[in-house]
Amino acid sequence: MSGVFGRVFGKSKAQSQATALASIDKLSEKENLLVKKANLEVEKAKGFTKAKNKRAAIQCLKRKRLYEQQIEQLGNFQLRIHDQMIMLEAAKATTETVDALRTGASAMKAMHKATNIDDVDKTMDEINDNMENMRQIQDLLSAPIGAAADFDEDELEAELADLEGEELEAELLAPTTTAPTAPVRVPAAQQSTRPSAQSSKTEDDELAALQAEMAM
């Protein structure tokens with residue numbers, strides 16, 4: 001039977017189960033046959049007993065005992081096969097559990113390797129460096145160029161402050177109300193005299209200019 005066990009349990013699970021069940025069926029068939037033979041020997045012993053053939057009856061009972069021993073052996077074989085099937089199921093469950101744990105451990109190890117604290121720290125440093133470089137690039141792009149780059153921001157701020165101060169001072173010194181200017185009354189004699197004097201002066205100038213042109 002050791003060879004049978006080797007053939008049964010050295011194969012895959014499905015094949016092992018099929019072979020084990022087939023073996024159990026064969027053992028059961030043989031056991032039933034031995035039971036029939038043992039019962040037959042009992043019937044023979046009864047017949048020989050009636051015939052007063054004690055020796056023949058005893059021989060029948062001996063064969064019955066041999067059959068019963070074989071039946072017991074076959075029963076033990078079947079139990080062993082059942083035990084092996086149960087052990088195979090338990091071993092399979094254990095193997096699957098160990099494989100699952102091993103797979104989980106490998107996955108966890110890979111995750112830890114992928115998320116190593118040094119790698120994370122290095123990645124964060126790279127991100128910060130990239131952000132700083134981007135900020136510097138933006139500052140360079142937004143910086144004034146050409147003539148505008150030569151202006152001193154501090155001087156411009158100071159000039160603006162002076163302008164604001166002057167504006168505030170002008171507002172403070174401005175009178176709150178402006179009195180209307182009274183019209184100046186000019187005597188009629190002066191009004192008539194001034195235009196004639198101005199007119200005479202204008203004519204003299206024009207005459208002098210004309211004489212100068214003719215002399216040329």
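Residues take their numbers from the sequence shown, with the count starting at 1.
The hydrophobic clustering, which links ILVMFWY residues whose side-chain heavy atoms are closer than 4.5 Å, places L74 and M85 together.
A 4.5 Å side-chain heavy-atom check between V42 and C60 finds every atom pair outside the cut-off.
Annotation: the span from Y67 atom OH to K62 atom NZ amounts to 14.5 Å, rounded to 0.5 Å. Taking CG from D125 and CG from N130, the interatomic distance works out to 11.0 Å, rounded to the nearest 0.5 Å. T94 contributes atom OG1, which lies 11.0 Å from atom CD of E89 (distance to the nearest 0.5 angstrom). Taken from CG in L172 to CD in E167, the straight-line distance is 10.5 Å, to the nearest 0.5 Å. Taking CD of Q73 as the start and NZ of K30 as the end, the distance is 9.0 Å to the nearest 0.5 Å. Atom CD of E126 is separated from atom CE of M124 by 11.0 Å, given to the nearest 0.5 angstrom.
The pair R102-D99 meets the salt-bridge criterion, with a side-chain N (NZ, NE, NH1 or NH2) lying under 4.0 Å from an Asp/Glu carboxylate O. Note on E132 versus R135: salt bridge recorded, some NZ/NE/NH1/NH2 to OD/OE distance being below 4.0 Å. A salt bridge links K64 and E68; the closest N-O separation between the charged side-chain nitrogens and carboxylate oxygens is under 4.0 Å.
Among residues at least two apart or in separate chains, there is no side-chain hydrogen bond (donor to acceptor under 3.5 Å, both in side chains) pair with a member in residues 42-59.
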Verdict with reasoning, H82 to I24, per side chain to side chain contact (heavy atoms under 4.5 Å, CB included): CA-CA 9 Å; H82 282 294; I24 291 174; 3.6 Å; yes
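Using modelled atom types and a 3.5 Å distance limit, the side chains of E31 and Q78 yield a donor-acceptor pair.
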